[in-house]
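Both counts, for ligands and for their atoms, begin at 1 and track the order of listing. In what follows, residues are counted from 1 in the order of the sequence shown. Only a predicted model underlies this, so the values are computations on that prediction, with no experimental measurement involved. Quick note: numbers below take in every heavy atom, side chains included, and nothing from hydrogens, waters or symmetry partners.
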Amino acid sequence: MINVVWLKRDVRIHDHGPLNHASTSEIPFIVLYVYEKCQLLQPSVHGSHIHVINEGLADLDSRLSDSSHPLIDKPLRTLTVCYSTVLEVLKSIHSKFTIRELLAHEETGHYASYQRDRRVRAWCKSAGVKMREFNQTGVTRRLGDRDDFSKLLNAFMTKPQHPTAGTNFKNKIIGVGLGLPGQCKSLLEPKSLAEIPLENRADRDSRQVGGETEALRILETFLQSRGRNYSRGISSPNSSWESCSRLSIYLSWGHISVRFVVQALRRKQAEVKALKSSGVHMDECWGRSLGAFQSRLHWRSHFMQKLESEPLLEKKDLCPAYQHLRRGSGEFNLQYYEAWKSGRTGYPFLDACMRCLQIHGWLNFRMRAMVVSFATYNLWLDWKKIAPHLARLFLDFEPGIHYPQLQIQSGTTGINAMRVYNVTKQGKDQDPRGIFIRKYVTELRDVKDEFVHEPWKMTRKDMARCNVQVGSSDRGALFRGLVEEDQASDTIHECYPAPIVNEQESAKDAKDKIAAVRNMTSTKREARAVFEKHGSRKGTSDFKKMKGDGKVKRDKSKEKGQEREKGQKSIHSFAVKNKEKGQKASMGVFSTKENEGDKTWSCSTCTFNNTKPQAPVCEICGTLRENNLNT
Ligand SMILES: Cc1cc2nc3c(=O)[nH]c(=O)nc-3n(C[C@H](O)[C@H](O)[C@H](O)COP(=O)(O)OP(=O)(O)OC[C@H]3O[C@@H](n4cnc5c(N)ncnc54)[C@H](O)[C@@H]3O)c2cc1C
């Protein structure tokens with residue numbers, strides 16, 4: 001008899017329920033990782049993900065074998081790693097040893113992993129193997145609605161972590177040479193994983209390194225010093241590099257647990273508070289930044305809960321009313337898609353973001369939202385078509401955040417306000433001197449500050465002076481003319497495209513199309529159902545009041561298509577009312593502020609600074625506006 005610890009997105013030693021459980025049991029166990037063929041076939045998989053996974057496995061192998069050096073290309077010492085399907089491997093182990101317990105973490109993954117888990121559970125049942133799954137994200141299985149979500153999440157985060165297994169259990173691990181299907185002697189490079197298309201197997205040029213050791217180090221530097229600037233540094237791609245925690249890849253691949261991070265954060269918050277009350281001068285930034293970081297960690301579980309409750313979210317729109325949008329025949333413009341993908345849209349700030357992702361696999365939140373907004377509004381591309389490419393680009397790909405965010409940013413959830421980012425304005429705000437642009441869009445490195453965000457405004461002479469030709473594929477044409485004119489240049493350098501769409505017009509068209517769907521009575525009804533199931537319940541008392549009693553109920557009259565009663569509030573009626581009052585529709589989070597003055601309100605759930613005084617819900621997380629704690 002043996003136990004099996006099945007590793008998925010949980011490759012670490014700290015706060016690891018399955019490892020702890022196995023190590024305190026009297027029988028031996030296998031620590032198993034499978035390069036699963038059915039998962040590797042998913043279009044979201046990229047070689048860089050495999051490298052990060054391998055770095056995590058090598059780190060764990062060295063921790064479990066008491067060695068100080070993670071060895072990626074050397075024989076494995078404690079882990080059992082196979083290249084197969086998990087069911088085949090489990091069946092083989094069972095036939096050789098008889099598995100008593102299969103120990104794993106619950107996974108809120110894409111649909112293929114959801115189905116795989118169901119198959120494994122069914123097999124365990126039929127084979128008499130007890131399967132035990134541990135929670136590691138704070139997400140609750142089979143949660144009907146969001147009424148108790150925050151309470152449950154808080155309880156989970158407050159619970160003591162699983163003890164880190166001591167060294168005495170290590171001789172209980174059975175590992176190498178078991179003769180299992182596809183068993184590997186060492187970790188596999190992406191190049192030997194035939195399921196991943198060739199073009200997706202390469203690594204990123206410069207990316208974060210995976211593994212628990214690195215995760216702990218990054219957390220420490222953040223809480224010791226970098227985190228101080230979190231609040232004011234997260235929006236610009238220049239400052240976010242250091243100011244953001246940069247923990248996402250470790251959280252996504254399970255090299256650190258979210259509870260470990262939350263509890264470390266709480267200790268830091270207590271330390272800051274204690275120092276302050278003992279009279280030590282504390283920089284105000286710390287308190288604000290730690291609070292904002294705490295909110296982001298809350299969002300993590302908040303968004304993952306959506307996918308947990310709606311496993312098909314990767315494939316369908318949260319609000320069915322939007323299903324047909326961007327999916328008409330001929331609506332997908334391949335040329336636009338390719339330009340967006342390769343960072344050649346003619347909008348320098350946008351192109352810099354896409355090229356930055358190709359090199360590093362990371363961008364801050366605002367820039368991610370912006371690249372999706374540009375693709376789905378300005379280029380009118382279907383979010384489902386851009387999702388796999390972004391998933392491959394993001395080193396921290398986490399399905400439970402990725403798909404809900406894609407839907408929010410493309411305006412199809414029914415419960416979030418439309419947010420169309422003006423990429424040129426964002427560039428001017430977040431990268432005023434074009435430092436980020438010049439770093440990635442090297443064609444523009446010699447362009448003067450005044451044109452770096454709008455190079456198409458340069459005259460032909462300006463272009464010649466900074467050795468770039470904007471808007472023509474004929475490199476020679478411009479310069480031939482100019483050389484004759486003023487002999488200004490005898491060298492021909494690089495080309496940069498002219499903008500592929502008119503930013504203002506394309507945004508307006510897209511917003512009109514979305515608004516037409518949003519304003520339909522049937523859409524409002526569907527959006528309400530989405531809110532009941534997935535909307536944040538911060539400001540819960542108002543939500544309950546709105547419903548007339550303490551419990552959220554489905555509005556049957558609306559389901560039958562009847563009109564809303566007079567005076568009854570709806571998430572959507574507010575948004576429509578704004579327009580009726582003649583308020584200008586938002587061009588993006590910043591332009592709204594200009595239109596409506598400085599009446600911003602900071603959301604008590606997610607701390608986002610909302611710029612629409614009349615907005616019924618927070619633009620980011622959907623929390624009800626009424627009596628929002630920070631209003
Ligand atoms: C279209 C889109 C897709 C995204 N896809 C992913 C993804 O696949 N994986 C991923 O980890 N994040 C994703 N994000 C959220 C966010 O951009 C990243 O979590 C963040 O940039 C990671 O950097 P960080 O760890 O330094 O973040 P920090 O700002 O330091 O935040 C700490 C942690 O909080 C969580 N977090 C932060 N912002 C969000 C958010 N908006 N929603 C949910 N959780 C959040 C993350 O786990 C993050 O690691 C996406 C955002 C957008 C707009």
Please confirm whether [X] and [Y] have ring centers closer than 6.0 angstrom.
X    : Y    : result
F374 : Y421 : no
F222 : F293 : yes
H14  : H162 : no

- Item | Nearest option to atom 33 (C) of ligand 1, as decided by whichever heavy atom of L297, I401, L395 sits closest | L297
- Message: Measuring from atom 13 (C) of ligand 1, which candidate in R368, M370, R300 has the nearest non-hydrogen atom?
- Response: R368
- Task: Give a yes or no on whether the backbone of V501 and the side-chain of Y347 come within a donor-acceptor separation of less than 3.5 Å.
- Result: yes
For the pair [X] and [Y], find out whether any cationic side-chain nitrogen is under 4.0 Å from an anionic carboxylate oxygen.
X    : Y    : result
D431 : K439 : no
E314 : K384 : no
E398 : R9   : yes
R327 : D382 : yes

Any idea which atoms of ligand 1 are less than 4.0 Å away from a heavy-atom of [X]?
X    : answer
E398 : 7 (C), 8 (O), 9 (N)
L251 : 47 (O), 49 (O)
F303 : 42 (N), 43 (C)
Q405 : 1 (C), 2 (C), 3 (C), 40 (C), 41 (N), 42 (N), 51 (C), 52 (C), 53 (C)
F394 : 3 (C), 4 (C), 5 (N)
V372 : 1 (C)

Short N/O distance, under 3.5 Å, between [X] and ligand 1?
X    : value
W362 : yes
W299 : no
L247 : yes
N364 : no

Applying a heavy-atom cut-off of 4.0 Å, say which part of [X] lies close to ligand 1: side chain, backbone, both or neither.
X    : value
D396 : both
F365 : both
I408 : neither
S252 : side chain

- Note on the structure: Hits for ring pair (Phe, Tyr, Trp, His ring centres under 6.0 Å) against Y114, two or more places apart or cross-chain, chain-then-number order -> Y111
- salt bridge (Lys or Arg N to Asp or Glu O under 4.0 Å) partners of residues 218-227, not counting sequence neighbours, each pair once: none
Check if [X] has a non-hydrogen atom at a distance under 4.0 Å from any atom of ligand 1.
X    : answer
I234 : no
L363 : yes
Y230 : yes

- Note on the structure: Only residue of K306, E310, H302, Q305 satisfying side-chain hydrogen bond (donor to acceptor under 3.5 Å, both in side chains) with H534 is E310
- Item | Partner of F397 by ring-ring contact (aromatic ring centres under 6.0 Å, His included), out of H46, H389, H402 | H402
